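Before any comments, here is the structure.
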Amino acid sequence: MPKSKRNKIVALTQTNKQGHEGKEKLIEQIHECADNYEYIWVFSVQDMRNTFLKDIRNELKASSRLFLGRNRVMAKALGTTPEEEYKEGVAGLAKELHNDVGLLFTNKTPDQIKAYFEGYTQADYARSGNIATQSVQLPEGPVKRGADPMPHNMEPLLRQLGMPTSLVNGIVTLHAPYMICREGETLSTNQAHLLKLFYHQLAEFRVELICYYHQGQVEKL
């Protein structure tokens, strides 16, 4: 078993008292988890949604603990060099803490964790800046949202979002096919809004596993 490098003094940049105490509390929680769980995973999140992360936390809470955000503080807690690392070899995880990543402390085996996240994906509405995963075109004629006609009081909003609609006998109408987006293009704010109005979910929330730590070793996937 790798020895725990306890009682390390972790230096924090002095900020306001509340921020400093928050950093200390996070470091203490990570140290406690490092002592109590068998495995530490680094994971990344695609199309981040807090609701789905909350679901994951609830489903894994009996065997795991999840942290996301404040990468620098989490890296500091683990230790970024062999001299500073909290446990032998755990500095190998700290170098992976950049961009939208988090830490998962768990007693589940690697095979169990891989199987869980391979089976967990959630469709959601794309945001501006996302890449369109398919082309979406609306046909000429009365505008429908799903199986129902678009409410007439939504017509001004559709025009504001760029759709060339008009009211014909109180019915929202397109006089030519309208392309909301094309596959591969970066979505604008208006395009993302239209896709949501017409119930097209082009985003997919999923968690990608990067590597895990166990007994002094870091295994990359």
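Quantities reported herein were computed from a predicted structural model and do not represent experimental measurements.
Counting heavy-atom neighbours within 6.0 Å of N169 CG, excluding the residue itself, gives a total of 12 or less. Other residues, nucleotides and ligands place no more than 12 heavy atoms under 6.0 Å from the CZ atom of R72.
A distance-only check finds no donor-acceptor pair linking the side chain of Y116 to the backbone of G119 [under 3.5 Å]. Using a distance-only test at 3.5 Å, with no hydrogens or angles considered, a donor-acceptor pair links the side chain of H31 to the main chain of A77. Between the side chain of N71 and the main chain of N99, a donor-acceptor pair closer than 3.5 Å is present. For the pair S44 (side chain) and V101 (backbone), a donor-acceptor distance under 3.5 Å is absent. In terms of modelled atom types and a separation under 3.5 Å, the side chain of T189 and the main chain of S128 share no donor-acceptor contact.
Looking at residues two or more places apart in sequence or on another chain, you find no side chain to side chain donor-acceptor pair (under 3.5 Å) involving E219. A search for salt bridge (Lys or Arg N to Asp or Glu O under 4.0 Å) contacts involving R159 returns E155, not counting sequence neighbours. H200 meets the side chain to side chain donor-acceptor pair (under 3.5 Å) test with no other residue; sequence neighbours excluded. For F43, there are no ring pair (Phe, Tyr, Trp, His ring centres under 6.0 Å) partners two or more places apart in sequence or in a different chain. Remark: S63 pairs with no residue by the side chain to side chain donor-acceptor pair (under 3.5 Å) rule, at least two apart or across chains.
Remark: H175 NE2 to S166 OG distance equals 2.5 Å, nearest 0.5 Å. To the nearest 0.5 Å, atom CG of residue L97 and atom CG of residue L78 are 6.0 Å apart. Interatomic distance, CG of L138 versus CZ of F198, reported as 5.0 Å (0.5 Å rounding).
Under the 4.5 angstrom side-chain criterion for Ile, Leu, Val, Met, Phe, Trp and Tyr, I171 has no cluster partners at all.
Closest approach of I180 and E185 over heavy atoms only: O-OE2, 4.2 Å. Taking each heavy atom of V136 and M179 in turn, the nearest pair found is O-SD, 3.5 Å.
Under the side-chain contact (heavy atoms from CB on, under 4.5 Å) rule, C181 has a single partner from Q134, Q137, Q191, which is Q191.
Taking 4.5 Å as the limit, every side-chain heavy atom of T165 sits out of range of all side-chain heavy atoms of Y178. At a threshold of 4.5 Å between non-hydrogen side-chain atoms, the residues L157 and L197 count as touching. Contact annotation: the side chain of L202 never approaches that of N130 to less than 4.5 Å [non-hydrogen atoms, C-beta and beyond]. L221 is listed as a side-chain neighbour of W41, based on a closest heavy-atom distance under 4.5 Å.
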Test log, rule side-chain contact (heavy atoms from CB on, under 4.5 Å), inputs D124 and F205: CA-CA 7 Å; D124 205 347; F205 172 91; 5.6 Å; no

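Salt-bridge annotation for K220 and E96: present, with a side-chain N of the basic residue lying under 4.0 Å from a carboxylate O of the acidic one.
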